[in-house]
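This report concerns only the one structure given below.
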Number of protein chains: 2
Amino acid sequence: MDRERSGLQSAFQGALAGRETVVPVEAVVVPPQPRRADAARNRKSVLEAAARLYAERGVERVTMDDIAAAAGVGKGTLYRGFTDRSGLAMALLDERARALQEAVLEGAAPLGPGAPAPERLGAFVAAYLGFQVDNLDLVLLSESGRGPGARLGKGSYAFYRQHLAWLLQQAGAPDPRTRAEVLLGALAAEQVRHWVVVEGRDLADVERRLVGVARALLG
Amino acid sequence: MDRERSGLQSAFQGALAGRETVVPVEAVVVPPQPRRADAARNRKSVLEAAARLYAERGVERVTMDDIAAAAGVGKGTLYRGFTDRSGLAMALLDERARALQEAVLEGAAPLGPGAPAPERLGAFVAAYLGFQVDNLDLVLLSESGRGPGARLGKGSYAFYRQHLAWLLQQAGAPDPRTRAEVLLGALAAEQVRHWVVVEGRDLADVERRLVGVARALLG
DNA sequence: CCATGGAGCGGACTCTAGTCCGTTTCCCAC
DNA sequence: GTGGGAAACGGACTAGAGTCCGCTCCATGG
């Protein structure tokens, strides 16, 4: 899975480990590079094939064999490049996630720097919720890895947690780290799916309520 | 799955649907009864075999075939009685969950009735956290159903959500329903596992922090 | 411009959850 | 009792994720 973690995430991973003090996120974008030309080519066709098939038929109706066949590679290649089904989903999400992460790091306020922490917090909740809704199936897939522990500790989770913890701390919230994790739990794909898809709630309404929760967590 | 839902949960299911006003939980214990003697016998041996094998080898190392063989029934019987792997886990959890639910409904304060809502809230967080930790593997399994939407809307989730929403409302919290769901998300098995098992945090510490989160959600 | 070693490939194979359907067993009506 | 019909059973079968390992073919260095 290491190869799947974008450079953006890796960069601050070290500063994170076991630290009590919350530090701001610092990051540099360095995408993973296969060492051999054929590997790079295959990686690209797999991602393209997967994106196409998922879009055409929906995530549920595409098997790993389908993807391997469509990409013109063997299953071994698939699994060498992406670890498992959820790893492939993460790779597909990576680009879009990076856009959100950059917006957070250096985009316009209030999502980006410049606005006061409580405002940034609200903007982040809205933006993250939007991201989750726009990519529900893929996020769900990316979190579904076997041997639990799928969502946490994987993917860009650490990035978002760190950012939220930082904002919460800036805003003077007690126990920012835990509250960041709780907030991300409330924004988890399964929860969002339940509210928006299963219960059919209005997205703006969900957003309002979650922003309310975020504010409550400040005190 | 209906057959798996304990009477305790079914009883207030109706009062719940689509209602905006939060009502207190009312419940009666009426366990599911198979119609035929052989079915009842088989159900019992399956549950016993599963409990024994899970205890002996750990949840990960027990397949559905193992359980069927150990119980002396065919796979068809297994799936007729329990829908799927996670349904079996839920059935195993049911008895223990019922104990917690009864303690909430009619046990001693502060978990049971009698104490002021904020105190009951803290007691519930502690009790529920304890339950999750004591039954981590089974709860994880019971939440792992395929086609997402495993945790929510299944099992005793509705019961706990309702209870929490009620307490939050009594304590004057805004948007009690959403906040109940957020709190349950923070207490979800995967999250608890991450804190307690993966990060090795002290249970009492996690409890304290979560009680803090619960209090924050009151305001 | 080869040679070579190791990264990368492919697809047959394994393992397990979950389905299907012909057969058995129970229970009730008579 | 006993006969009929439905509920329940069992185990062969299907499907799809993930593994394994012998073969291929890049890229480097002589």
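Residue numbers start from 1 in every chain, and the chains themselves are labelled A, B, ... in the order their sequence lines are given, proteins ahead of strands.
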Problem set entry | Nearest-nucleotide pick for A:V73, side chain only, options being C:dG10, C:dT25, C:dG18 | C:dG10

For this session: Using atom CD1 of A:I67 as one end and atom P of D:dG18 as the other, report the distance to the nearest whole Å.
Result: 11 Å

Exercise. If you pin B:D38 and B:M64 to their nearest nucleotides in DNA chain C, which one's is more 5'?
Worked result: B:M64

Seminar exercise, completed: From CZ of B:F82 across to C1' of C:dA17 the rounded distance in Å is 16 Å

For this session: Nearest whole angstrom, please: distance from the P of D:dA7 to the CZ of B:R43.
Result: 18 Å

Exercise. Do the side-chain N or O atoms of B:N42 get closer than 4.0 angstrom to the phosphate oxygens (OP1, OP2) of D:dC9?
Worked result: yes

Exercise. C:dG10 phosphate, OP1 or OP2: any side-chain N/O from A:T77 under 4.0 angstrom?
Worked result: yes

For this session: Locate the shortest heavy-atom distance separating A:V62 from A:R85; write the atom from each residue and the value.
Result: O-NH1, 3.2 Å

Exercise. Over how many whole Å does the gap from A:Y79 atom OH to C:dA7 atom P extend?
Worked result: 23 Å

For this session: Let me know the distance between CZ of A:R35 and P of D:dC25, rounded to the nearest Å.
Result: 22 Å

Problem set entry | Carboxylate-amine/guanidinium proximity below 4.0 Å for A:R57 and A:D66 | yes

Exercise. With nearest nucleotides of DNA chain D determined for B:A40 and B:D65 from heavy-atom distances, which residue corresponds to the more 5′ nucleotide?
Worked result: B:A40

For this session: Nearest-nucleotide wise, let me know which of B:V62 and B:R41 is further upstream toward the 5' end of DNA chain C.
Result: B:V62

For this session: May I ask you to decide whether A:E199 forms a salt bridge with B:R177, counting only side-chain N to carboxylate O separations under 4.0 Å?
Result: yes

For this session: Please check the phosphate of C:dG8 (OP1 and OP2 only) for any side-chain N or O of A:R36 closer than 4.0 Å.
Result: no

For this session: Go through C:dG8, C:dC26, D:dG18 for me and flag the one nearest to the A:A39 side chain.
Result: C:dG8

Seminar exercise, completed: In short, A:R179 meets B:G212 closest at the heavy-atom pair NH2-O, 3.4 Å

Exercise. Separation of A:R85 atom CZ from C:dT16 atom P, in whole Å?
Worked result: 19 Å

Exercise. Over how many whole Å does the gap from B:E60 atom CD to C:dA17 atom C1' extend?
Worked result: 14 Å

For this session: Take A:G76 and A:A37, find for each the nucleotide of DNA chain D with the closest heavy atom, and name the residue whose nucleotide sits nearer the 5' end.
Result: A:G76

Exercise. Between B:E181 and B:R151, is there a side-chain N and carboxylate O pair less than 4.0 Å apart?
Worked result: no

For this session: Check the distance between D:dA15's P and A:K75's NZ and give it to me in whole angstrom.
Result: 14 Å

